[in-house]
Amino acid sequence: MAEENINEVLGIEDSSTDSINSSASEENGKSIDNVAENTLTTIAGIVLWVGIIGTIFCLFTLTTTKVVDPTYEYSIHYDTIFNPAGLAISIGVLISTLTTWALLKVIANISKTLKEINSKI
């Protein structure tokens with residue numbers, strides 16, 4: 001067993017013969033349907049872009065706060081200060097976006113790989 005090629009044991013052939021086998025499997029009616037995986041990959045891309053835009057929006061709106069400056073007696077004057085909670089929320093949005101995107105991509109890739117392995121067995 002140790003001397004045998006692992007690809008032969010699993011039934012995986014070289015990439016040069018994969019194109020021949022894929023056309024033969026499509027003729028036999030065994031084409032691999034990756035519609036769900038492609039949809040999941042598309043959703044992952046949308047989640048990534050919306051999350052990045054949301055992070056930028058949070059950075060500009062939540063990291064600064066206007067407060068009334070008490071030194072002015074006869075008029076209301078606002079002073080802008082940094083808000084560390086807004087920065088923490090922005091970083092949390094970015095991290096959760098990247099985690100969700102990576103998780104969706106991994107699930108789609110696992111599904112594609114399992115379908116390819118199943119079609120070769």
Side-chain angles (χ1 to χ4, degrees):
M1 178 86 180
E3 295 177 9
E4 293 180 15
N5 187 0
I6 190 73
N7 289 339
E8 292 176 6
V9 172
L10 293 175
I12 301 172
E13 298 177 10
D14 294 334
S15 62
S16 61
T17 58
D18 282 344
S19 61
I20 297 169
N21 288 338
S22 65
S23 63
S25 67
E26 288 176 2
E27 292 172 2
N28 295 335
K30 292 184 177 180
S31 64
I32 298 173
D33 186 23
N34 288 332
V35 175
E37 291 82 3
N38 293 338
T39 303
L40 195 60
T41 304
T42 303
I43 290 171
I46 291 170
V47 165
L48 181 66
W49 282 107
V50 169
I52 289 173
I53 291 169
T55 300
I56 293 170
F57 177 76
C58 287
L59 279 173
F60 284 117
T61 58
L62 298 177
T63 56
T64 57
T65 305
K66 288 187 177 186
V67 293
V68 176
D69 191 1
T71 58
Y72 287 85
E73 295 180 14
Y74 300 109
S75 66
I76 297 175
H77 183 265
Y78 291 102
D79 198 14
T80 305
I81 62 169
F82 175 73
N83 186 4
L87 181 64
I89 291 171
S90 300
I91 291 172
V93 168
L94 181 64
I95 290 173
S96 65
T97 297
L98 292 175
T99 303
T100 304
W101 170 77
L103 184 66
L104 292 175
K105 291 288 283 186
V106 165
I107 291 171
N109 287 336
I110 288 171
S111 180
K112 284 181 184 179
T113 305
L114 287 175
K115 282 184 178 181
E116 288 176 6
I117 290 172
N118 191 24
S119 70
K120 292 184 184 214
I121 291 180

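Keep in mind that what you see is a predicted model, and the values were worked out from it rather than measured.
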Original post:
Minimum heavy-atom separation for Thr97 to Val93, with atom names?
Top reply: OG1-O, 2.8 Å
**OP:** To the nearest 0.5 angstrom, please state how far the CD1 atom of Ile95 sits from the CD1 atom of Ile91.
**Re:** 6.5 Å
Original post:
CG of Asn118 to OG1 of Thr113: how many Å apart, nearest 0.5 Å?
Top reply: 12.5 Å
**OP:** Could you list the residues that satisfy side chain to side chain contact (heavy atoms under 4.5 Å, CB included) with Thr100, not counting sequence neighbours?
**Re:** Val47, Leu104
Subject >> same_hphob_cluster(Ile107, Ile43) at 4.5 Å side-chain heavy-atom cutoff >> reply: yes
Quick one: side chains of residues 78-85, donor-acceptor pairs under 3.5 Å with protein atoms, not counting sequence neighbours, listed by atom name and distance.
from  : atom 1 : to    : atom 2 : distance (Å)
Asn83 : OD1    : Ala85 : N      : 3.2
Asn83 : ND2    : Leu62 : O      : 3.4

**OP:** Hey, could you give me the CG/CG distance between Leu59 and Leu94, rounded to the nearest 0.5 Å?
**Re:** 8.5 Å
For residues 49-58, tabulate all N or O donor-acceptor pairs below 3.5 Å that involve a side-chain atom, not counting sequence neighbours.
from  : atom 1 : to    : atom 2 : distance (Å)
Thr55 : OG1    : Gly51 : O      : 2.8

Original post:
Other than Ile110, what residues sit in its cluster of Ile, Leu, Val, Met, Phe, Trp and Tyr side chains whose heavy atoms are under 4.5 Å apart, directly or through others?
Top reply: Val106, Leu114
Original post:
What salt bridge (charged side-chain N to carboxylate O under 4.0 Å, His left out) pairs are there with at least one residue in residues 52-66, not counting sequence neighbours?
Top reply: none
**OP:** Not counting sequence neighbours, which residues clear salt bridge (Lys or Arg N to Asp or Glu O under 4.0 Å) with Lys105? List them please.
**Re:** none
**OP:** Please list all pairs passing the side-chain hydrogen bond (donor to acceptor under 3.5 Å, both in side chains) test where one or both residues lie in residues 35-44, with sequence neighbours left out.
**Re:** Glu37-Ser111, Glu37-Lys115
Original post:
Do the side chain of Ser119 and the main chain of Glu116 share a donor and acceptor less than 3.5 angstrom apart?
Top reply: yes
